[in-house]
A.B. asks: 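I have a structure I would like to understand better, so I am pasting it below and will then ask my questions one at a time.
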Amino acid sequence: MATKSQASIFMVFTATLLVAINGDPQVPCYFIFGDSLMDNGNNNHLHTNAKVNYEPYGIDFPDGPTGRFSNGRNVADVIAQLLGFESFIQPFATARSDDIVKGVNYASGGAGIREESGQHLGERISFDNQIKNHRITILRLIFLVGRGSLVATKKYLHKCMYTVGMGNNDYINNYFAPEYYNTSSLYSPEEFALLLVEQYSQQLQALYAYGARKFGIFAAGYSGCTPGMMAIYGMNSCVDSVNSAIILFNTHLNTILNELNTKYPDAKFIYIDAPLQYPTDLNVTDKPCCEVESIDGKGNCSPDHIPCSNRQNYVFWDSFHPTERVSVIDGTQAYTTLSPLYASEAISSLVDNEEGHFSNA
Ligand SMILES: *[C@@H]1O[C@H](CO)[C@@H](O)[C@H](O)[C@H]1NC(C)=O
Ligand SMILES: *[C@@H]1O[C@H](CO)[C@@H](O)[C@H](O)[C@H]1NC(C)=O
C-alpha cells in the first residue's frame, strides 16, 4: 500500500508526464537510421528472413505486431516519447506527408554499414540506401516545410534530432558469418573495424551535407553475449572473440566522432554507450523469452508460440533482440546522453519539471 508521501510523489510524476505530453516536443523532428534494433516496419514488405510482423512480436505493444523486433517498444520509440512526440516516428515504408514533417524511421532489420551485410537473410535497406531514402524525404519536405526552398528546408533539418545505430550486422551477419562472407579471411579484426568506421564516417558526413547537425550515434552492442551468438558458438557464456572485435569498432567509432566534432563545429556528434548496469531483477540473461525457431543465425520467435510471462526479468526477447524493458532503460539513458542536442533549446519542459522548477505554479 502506498503511503501518503508516495501517493503525492506519484501525483507530481503524473503531472510532469502530462506537461511533457501536452507541450511541443523538444525538437521539431526526429530521424532514425539503423537495423533491427530500431526497425518499426520497414521490412514488412521485403523478401527477407529479417521480418517479424507476426505474433508473439508486439505482445506488449498497443498495435500488436508491427515489425518491431520486440515484445513492445524499441529504443527509438522510447527516445521519441521522452522527447515529447505524441506518436511514434513512422516508418519510411508507410509515412505520409503529415508524418514526415516530424521525422521518419528508415531502420531496416539485417542492414549494415557495408552493402553486403545481411544479404544471406534476404532484402534489407543498407545504410547507404537509408540515406538515399532520406534524400527522398527531403525532396518532399522542400514543399512541406521549406516553401519550395532547399535552404529553408536545411534550416529546418538543422533543428532535427538524428540517431544512427549501425554496425551490429556488419559483425553478426558478415564478419562472424564466414560461411557466407569472406571479410574475416581478408581482414584482421583491427583492419575490419577501421574499414567500417571509415565508411561510417563518410556516410555520416553525407547526412551532414543534407542538413543534419544533431547526431546521436549508438555504440554497437556486445553481440557476443546474445543467446543467438552463444548458440552459434556452442557456448553458455559470452563469446569473447566477438565482443573484442566489437570493442575495437566502438573505440574507433568514438575517435572518428571526436574528429567529426572538430571538423564540423556547427554540428554535434554524440556517442551513445550502453548502460553499465541493469537492475538486479533483470536476471535472465542467457536465454530468450520467446521460443525460437532455430539458432543457426536467425533466432526469430516461432510464430504463435506463447512467450514467457515474466518478461520483465528477461534481457532478451528473441535470440538477438532485447525486451521492451531493456529498451526503456537503454532509451532513457540515451535520451539523457543526448541532452546537449535539445536542452539548450526550446522549452525543455520535461527537464525543468523533473527538477521541480514550475515557472507558474
Ligand atoms: C569475397 O566475396 C565477394 C562476394 O562474395 C567476392 O566478390 C570476392 O571476390 C571475394 N574475395 C575474395 C578475395 O575471395
Ligand atoms: C529473478 O528475479 C526475480 C525477482 O526478484 C526472482 O523472483 C527470480 O527468482 C529471479 N530469477 C533468477 C533466475 O535469479
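We use all heavy atoms of the structure for the numbers below, so side chains are in, but hydrogens, waters and symmetry mates are not. Counting starts at 1 for both ligands and their atoms, following the listed order.
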A.B. asks: Taking the six-membered ring for Trp, are Phe88 and Phe61 ring centroids under 6.0 Å apart?
C.D. replies: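 Judged by ring-centre distance (under 6.0 Å), Phe88 and Phe61 do meet the cut-off.
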A.B. asks: Would you list the pairs meeting salt bridge (charged side-chain N to carboxylate O under 4.0 Å, His left out) in which at least one residue belongs to residues 44-67, sequence neighbours left out?
C.D. replies: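 Qualifying pairs, neighbours excluded: Asp60-Arg311.
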A.B. asks: Is there a side-chain contact between Trp317 and Thr323 in this structure, where contact means two heavy atoms from C-beta onward sitting under 4.5 Å apart?
C.D. replies: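 Yes, side chains in contact.
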A.B. asks: Does the distance from Cys225 SG to Cys238 SG come in under 2.5 Å?
C.D. replies: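 Yes, disulfide present: SG-SG under 2.5 Å.
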A.B. asks: Which word best sums up how the rings of Tyr171 and Phe192 line up, parallel for under 30°, tilted for 30 to 60°, or perpendicular for over 60°?
C.D. replies: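 The arrangement is perpendicular - the two ring planes meet at more than 60°.
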A.B. asks: What is the distance from atom OG of Ser327 to atom CE of Met38, rounded to the nearest 0.5 Å?
C.D. replies: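 So the OG of Ser327 and the CE of Met38 are separated by 8.5 Å.
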A.B. asks: Identify the protein atoms, limited to N or O, that lie within less than 3.5 Å of an N or O atom of ligand 2, and list each pair with its distance to 0.1 Å.
C.D. replies:
unit_1: ligand 2; atom_1: 2 (O); unit_2: Asn283; atom_2: ND2; d: 2.3
unit_1: ligand 2; atom_1: 11 (N); unit_2: Asn283; atom_2: ND2; d: 3.0
unit_1: ligand 2; atom_1: 14 (O); unit_2: Asn283; atom_2: ND2; d: 3.2

